[in-house]
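Let me begin by handing over the structure; questions about it come next.
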Amino acid sequence: MCNKRKECKDSGPCRLWTGWTVFLVLSLMMARVRGAWPAGQIEILGDLSGQLEASMHSSVLADLQEAPIASDAAIPAGFPDSSAIVGRLFQMRLPTKMADASSTLKVFSMTDNAVPCTVKSPVPLQIGDAKTDTSRPGVYVIDVTFPHGQAVKIREISFKNYYTAFLMVRLQKKDPGSPGGCARWVTCLKNHPLMSSPHTEEGSQDYFSIYRHQMLVDPDDVTSVRLILRQPSSAWLNFTLEDIRIHQCASDDSERDMPAWFSQLTPVDQVPDLQGLPNPQTVASSIQQMWALTEVMQTNQTAAPIGRFDSTLQTQDLQLAR
Amino acid sequence: MEEGAELSVVVSQVVQRLRGTHLHSHLEREAKECLHRPEIRIECLKEDVRNFLKKTGWERKLQNAVYRELHVLPQPSHAAAPPEHTKEPLAYMRKAQACWEKRILKSLNSMSTELGVPLARKRPVREQKELLQKWSEMGTNEPDLSHFRPVYAPKDFLEVLTSLRNPNLDSSDEASCRSHLGLIQVSLNVKDIPEMREFFCELSLEKGQLGIDDHTSFPPDLFESDHICLGKKVLSEQDSAAAQQYSRQGCPTGLRAHLWALILNCSNDPEDVMHYEQLKAGVINHDLLVDNLIYKDVKLTASNDDYYFVFEDYLYQVLLCFSRDTAVLEHFNYSSATPPTCHTKGQSGAEDGTSVYPPNGVVPFHGFSMYVAPLCFLYKEPSQLYSVFREMYVRYFFRLHSISSSPSGIVSLCLQFEKLLQVYLPQLFYHLRETGAQPLRIAFKWMVRAFSGYLATDQLLLLWDRILGYDSMEILAVLAAAVFAFRAENLMEVTSLAAAEAVLADLSTLKVMPLLQIFLFATVI
């Protein structure tokens with residue numbers, strides 16, 4: 001839903017009305033599905049002991065063993081290829097028979113369009129011999145490639161920072177114009193500061209996202225992403241980015257399932273002949289407000305305390321948990 | 001995130017918090033009742049009701065409530081960030097805080113087993129009656145507290161902070177420009193002097209201040225009477241944000257109680273009185289181990305203080321109720337600390353489970369009662385005193401005894417104090433360090449208590465005006481450095497930690513605002 005809304009906003013007000021109506025209709029459909037759900041038939045069986053790694057040699061496919069988790073104390077100098085965790089496994093049992101024959105079941109993944117990708121280990125760039133030089137490198141380069149050479153339309157790059165001060169992102173795009181379809185590198189983000197001061201801790205372990213609209217070039221048809229990390233301060237022993245994920249834009253296929261009468265909507269450039277009827281824009285906005293109000297009434301959760309006195313100290317035997 | 005998306009997240013969070021509160025039900029009731037009024041018309045019902053609420057001051061109350069929520073709302077975090085990251089982003093600080101909490105818990109547990117006192121017990125009926133009769137004079141009780149000792153003192157906490165280390169920091173032996181000469185060895189972002197001058201611009205030399213310009217030698221027309229008029233106007237408007245801005249230049253003594261209640265959005269409504277009465281009933285029904293710690297703390301600190309011993313009874317009435325208030329647990333959402341839990345063993349069919357101990361999650365330490373004592377000068381009603389203290393605790397004081405990277409947290413304050421001293425008074429800093437009297441060892445206890453018990457009360461209240469006005473406790477670090485600057489000549493002659501402590505033992509004659517002004521705006525580096 002959020003993808004659609006953001007896209008509609010990007011393409012200006014002309015598609016706004018259709019976007020909101022789509023939103024409204026889809027949510028009504030979802031509400032119907034929810035309403036017809038027989039209670040207690042979905043069982044979430046919890047996490048399997050494994051994490052989906054993105055790599056050619058994934059240990060998960062071999063024998064579903066838990067990926068080793070690096071401890072805080074030992075920071076590895078570089079990451080092996082297979083350590084990019086991009087998903088988690090869990091099982092969910094769903095009822096096969098639906099009460100209402102016309103409703104459909106759709107399962108949306110929580111990873112929100114994250115594309116499986118291979119994150120290579122950071123390569124240091126420094127002048128002088130890496131092994132004998134006493135000073136540490138101040139630049140690392142991380143390459144992220146997509147399997148099977150697929151070209152991705154990127155919506156967002158998200159990661160967790162670990163003491164990187166500045167980030168530069170370069171994309172390798174497939175050039176549709178040239179006959180061979182050869183790829184070229186473009187810079188889409190220059191010197192983006194992640195830490196407000198390279199010497200101090202602010203922003204050093206925060207989570208960040210780089211969105212499409214922040215990029216200098218549209219990240220369409222991207223075959224490879226190169227992240228260039230810089231940390232000019234010599235105060236830190238190591239710096240890198242963790243948990244790098246590339247999210248792609250929602251595909252346009254879902255719009256093909258729209259009913260036929262959607263295509264008969266009048267485009268906004270042609271002013272419709274109202275003939276005494278109210279303006280469709282105001283109608284749409286007031287319907288949207290009413291829908292929001294009903295949603296709010298349904299999810300009537302409040303965080304305010306009720307005010308009743310909780311007496312949990314009725315028993316004598318209390319023992320502090322370690 | 002785009003700005004619009006961030007704003008809508010904040011708005012929905014604030015709405016969720018305010019929905020279901022007393023204010024919400026009052027607003028609904030007012031809106032319903034105003035429908036009977038003749039000036040409300042059906043055609044423009046929404047606008048008319050809104051105007052009515054604005055005229056009768058309800059919109060202002062809602063504004064104040066929203067403003068209060070914005071103060072305590074944590075920063076909107078990234079979708080992938082786990083909740084512990086919102087509480088404290090740095091992993092090593094989370095670990096240090098968890099270790100510290102374990103130590104406190106162990107100490108509390110061992111005290112309970114050694115002395116044979118249960119963590120909580122129900123009072124017998126006779127004892128309940130006695131306590132109810134003596135409620136307003138609990139100071140006359142003389143329980144045997146000789147075996148109880150405080151769970152920890154500020155100097156224990158200082159040892160924990162000095163041993164705080166970032167595993168990713170290059171701490172090789174060679175001295176470089178970034179070596180930390182002081183006790184704190186973490187590189188947090190603290191303001192330097194030009195940034196402080198901008199942040200505390202209302203304290204600058206050309207602006208009037210209460211604490212300086214209300215001295216008897218100045219004619220009141222110069223600043224004081226205008227400021228008092230302005231204060232009365234702010235109070236009549238009942239605007240929280242305006243009161244906060246106003247208190248940056250000090251609050252007049254006569255208006256301070258109302259202004260602070262307005263800034264903190266604490267009213268003395270019947271609902272608040274009822275909440276306080278419920279807590280009082282809880283105190284009477286059950287006895288906690290923590291109560292003995294509170295008794296001991298009040299007897300050791302506030303009762304021995306020349307200014308605060310008269311308020312001993314009030315302190316018991318507030319602090320005992322504070323231990324049982326589960327509303328305080330909400331502040332753990334944005335604090336780096338976690339409340340200690342305990343297992344409850346069921347008796348007579350009750351289920352086993354875990355609950356928070358003490359019920360508000362805060363274990364008092366030596367000097368905790370000094371957070372309440374200065375407020376006793378302002379508020380006479382125990383219920384209002386209680387709600388103002390609770391609000392000040394969940395906004396400011398909790399940061400003074402937990403390990404976090406927040407700019408108002410005690411770690412940042414210590415680092416800021418040391419940096420200010422190194423920049424302004426490098427010779428003094430070096431001399432004190434060489435003689436084994438690290439300045440932070442002396443200044444730490446001032447900052448942990450927010451100077452309560454060290455300054456004269458009128459000066460302390462002027463200082464706390466600025467804490468409320470700037471919504472930050474960085475002023476404590478500045479004042480600590482200013483005190484060192486003031487007594488620099490004497491300190492240069494000391495040769496040991498004990499001598500340095502003797503020079504700085506008595507701060508009760510200091511005037512806070514001139515010190516701050518000179519240190520920030522009139523000292524040449």
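None of the values given here were measured: they were computed from a predicted structure. Each chain gets a letter, A, B and so on, in the order its sequence line appears, and its residues count up from 1. Just so you know, these numbers use all the heavy atoms, side chains as well, and skip hydrogens, waters and symmetry mates.
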Can you check whether A:F239 and A:Y140 have ring centres sitting under 6.0 Å from each other?
yes
Can you tell me which portion of B:D325 sits under 4.5 Å from chain A's heavy atoms? Options are side chain, backbone, both or neither.
neither
Among B:L188, B:N166, B:V190, B:T113, who wins on heavy-atom pairs under 4.5 Å with chain A?
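Highest number of pairs under 4.5 Å: B:N166.
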Quick one: sort the A:H213 and A:Y211 rings into parallel, tilted or perpendicular, breaks at 30° and 60°.
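Rings of A:H213 and A:Y211: parallel, as their planes differ by under 30°.
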Could you report the tightest heavy-atom contact between A:T164 and A:Q231, atom names first, then the distance?
C-NE2, 4.1 Å
If you look at every heavy atom in B:E418 and B:I184, which pair is closest and at what distance?
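So the two residues come closest at OE1-N, 3.3 Å.
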Tell me, out of B:S12, B:P89, B:S187, who's got the most heavy-atom pairs with chain A below 4.5 Å.
B:S187
